[in-house]
Novice: 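What follows is a single structure, and I will ask about it in a moment.
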Amino acid sequence: MLVTIVGGGMITRDQLLPSIYHMQRLGLIGDITVCASRRRTVESLASDEQILRAFPGQRFRALPDSSDSDVSRPDLYLEALRRLPPRQIVVAAVPDELHFEVIMAALRHDQHVCAVKPLVLEYKQAIQIEQEARSRNLVVGVEYHKRFDDRSLMARQKYRAGFFGDFRLGTAHLMEKWYYRHSNFQNWCTDVFTYIGCHYVDLVHFITGLLPTRVSVYGIPDLYPNGKEGYLWTDARIIWSNGACLNVQNSLGVPDVAPGTNAQGLTMYCQTSTGGALLAHSDQYRGLKHSSSDLYTEPSPDYFQYVDLGGPGLTPVGYGYRSVEYILKQCLGVEQAAPESRSVLLRELDNAGIMATPANSSYNELVIEAGRVSIENGGSDVPLSSIRPN
Ligand SMILES: NC(=O)c1ccc[n+]([C@@H]2O[C@H](COP(=O)([O-])OP(=O)(O)OC[C@H]3O[C@@H](n4cnc5c(N)ncnc54)[C@H](O)[C@@H]3O)[C@@H](O)[C@H]2O)c1
């Protein structure tokens with residue numbers, strides 16, 4: 001199958017393209033196209049030294065192609081979709097507010113979709129995507145890669161086997177480095193709860209199977225270097241279907257000199273029939289300390305690394321790779337199945353709940369939509385029933 005990635009920014013460079021290149025090297029998928037809105041984006045991706053070192057001899061088709069000057073071509077991806085044969089794979093890797101139009105366009109051109117998180121910004125859009133995909137027997141997988149961290153899968157298995165009893169209180173945080181403020185994010189990221197808070201909300205559902213019912217998000221407005229304002233510090237409280245409460249703090253505020261690429265983790269306090277139970281994940285400090293001369297780092301071997309397994313090039317490893325591979329393999333599996341069994345396979349994927357799909361994860365859209373209402377109202381308590389139409 002052919003793969004077209006729409007968007008050539010940070011997540012495409014750091015995770016998506018290398019993962020898909022590796023699948024191409026393994027013979028699992030065919031030609032790759034990356035379509036951005038500007039020529040300079042795909043030029044910089046094509047000349048990325050790390051990617052060239054890891055995948056010698058592999059290339060993607062770049063759009064806009066060299067004949068285009070560096071004007072913005074926001075509709076070019078539609079042309080690329082029109083030229084694709086049906087039932088290939090489109091990866092949506094554009095800023096959050098563009099996910100809906102890119103995903104719907106891909107589905108209407110009969111393409112399977114892998115979408116970066118959050119799927120979309122509104123609950124009703126998730127439902128529309130679910131219906132469009134269902135009517136065409138197409139896969140839509142939402143790339144919540146923390147699900148493919150083995151510690152999340154271990155927690156899910158143990159929680160669902162009753163080891164931790166019932167979730168009661170939890171705290172999670174995901175703080176990105178200060179320098180993110182200087183990136184392209186300043187052009188589109190208006191609040192950090194929508195951008196990164198969704199990870200741990202999704203993970204608590206993934207582990208426990210509980211559903212969120214109420215949300216309040218307090219946000220502190222701050223200025224990006226380009227003068228745009230955003231809620232760059234947020235504190236959220238999520239109430240769950242069993243009455244449990246999760247606190248999630250997010251920011252673009254970790255000092256650039258801090259070790260590791262961010263600060264993040266999850267602690268869940270639970271209750272069994274005989275006493276308390278505890279699950280604690282440090283997702284930033286994975287036990288590694290590297291230092292030399294004036295540099296000290298605490299790298300994570302778990303999300304995404306390139307390792308030398310004897311070549312050619314380097315092999316991407318980690319849950320960032322496994323997550324992309326899992327979603328693309330589901331597209332391949334559905335496409336290789338007999339047409340009459342595809343809808344059954346798709347329902348099985350929804351029910352298994354390992355891969356986030358519009359049908360099994362639209363609680364995420366309810367939470368971020370309610371979160372935006374709350375944040376604009378000083379952190380008011382917003383029941384999700386007020387967002388979901390009856
Ligand atoms: N942890 C995660 O799962 C994770 C991490 C980072 C980003 N993301 C998500 O990935 C998405 C993109 O983030 P990023 O970090 O790559 O952002 P970015 O700002 O670095 O890149 C966005 C890209 O989209 C492209 N783009 C914008 N409009 C386009 C259009 N009309 N057609 C084609 N391309 C267009 C831009 O050229 C740019 O290359 C966001 O939704 C973000 O939330 C997820």
Novice: For the side chain of Thr234 and the backbone of Val192, is there at least one donor-acceptor N/O pair under 3.5 Å apart?
Specialist: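 A pair under 3.5 Å: no.
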Novice: Consider ring pair (Phe, Tyr, Trp, His ring centres under 6.0 Å). Of Phe206, Tyr319, Tyr326, which one does Phe148 pass it with?
Specialist: Tyr326
Novice: Can you label the angle between the His22 ring and the Tyr321 ring as parallel, tilted or perpendicular, going by 30° and 60°?
Specialist: perpendicular
Novice: Output a table of donor-acceptor pairs, distance under 3.5 Å, between side-chain atoms of residues 301-313 and any protein atom two or more places apart or on a different chain; print 'none' if there are none.
Specialist:
| residue | atom | partner | partner atom | Å |
| --- | --- | --- | --- | --- |
| Asp302 | OD2 | Arg286 | NH1 | 2.8 |
| Tyr303 | OH | Gln15 | OE1 | 2.8 |
| Gln305 | NE2 | Ser300 | O | 2.9 |
| Asp308 | OD1 | Gly310 | N | 2.8 |

Novice: Please table the atom pairs, donor to acceptor, closer than 3.5 Å between any side-chain atom in residues 126-133 and protein atoms at least two apart or in another chain.
Specialist:
| residue | atom | partner | partner atom | Å |
| --- | --- | --- | --- | --- |
| Glu130 | OE2 | Arg134 | NH2 | 3.0 |
| Glu132 | OE2 | Arg136 | NE | 2.8 |
| Glu132 | OE2 | Arg136 | NH2 | 3.1 |

Novice: Using a 3.5 Å distance criterion without hydrogens, assess whether the side chain of Asn247 forms a donor-acceptor pair with backbone atoms of Ala236.
Specialist: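 Yes, Asn247 side chain to Ala236 backbone: donor-acceptor pair under 3.5 Å.
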Novice: Quiz question: by atom type and distance under 3.5 Å, do the side chains of Glu298 and Tyr296 form a donor-acceptor pair?
Specialist: yes
Novice: If you take all heavy atoms of Tyr159 and Leu210, which pair is closest and at what distance?
Specialist: OH-CD1, 4.2 Å
Novice: Using modelled atom types and a 3.5 Å cut-off, is there a donor and acceptor pairing between side-chain atoms of Asp202 and backbone atoms of Cys198?
Specialist: no
Novice: Between Lys146 and Asp149, does any side-chain N to carboxylate O distance fall below 4.0 Å?
Specialist: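 No salt bridge links Lys146 with Asp149.
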Novice: Verify the cluster assignment for Val248 and Met175: are they in a single hydrophobic cluster under the rule of side-chain heavy atoms below 4.5 Å apart?
Specialist: no
Novice: State plainly whether one hydrophobic cluster holds both Leu16 and Leu84, where clusters connect Ile, Leu, Val, Met, Phe, Trp and Tyr through side-chain heavy atoms under 4.5 angstrom apart.
Specialist: no
Novice: If you draw a 6.0 Å radius around CD in Glu49, do more than 12 non-hydrogen atoms from other residues or ligands fall strictly inside?
Specialist: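 At most 12 heavy atoms, drawn from other residues, nucleotides or ligands, come within 6.0 Å of this atom.
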Novice: Could Arg372 and Glu376 be called an ion pair, given the rule that one side-chain N must be under 4.0 Å from one carboxylate O?
Specialist: no
Novice: If only atom types and distance count, is the side chain of Asn242 paired as donor or acceptor with the main-chain N or O of Phe167 below 3.5 Å?
Specialist: yes
Novice: Ignoring hydrogens and geometry, is there a side-chain-to-backbone donor-acceptor pair from Gln111 to Gln88 under 3.5 Å?
Specialist: yes
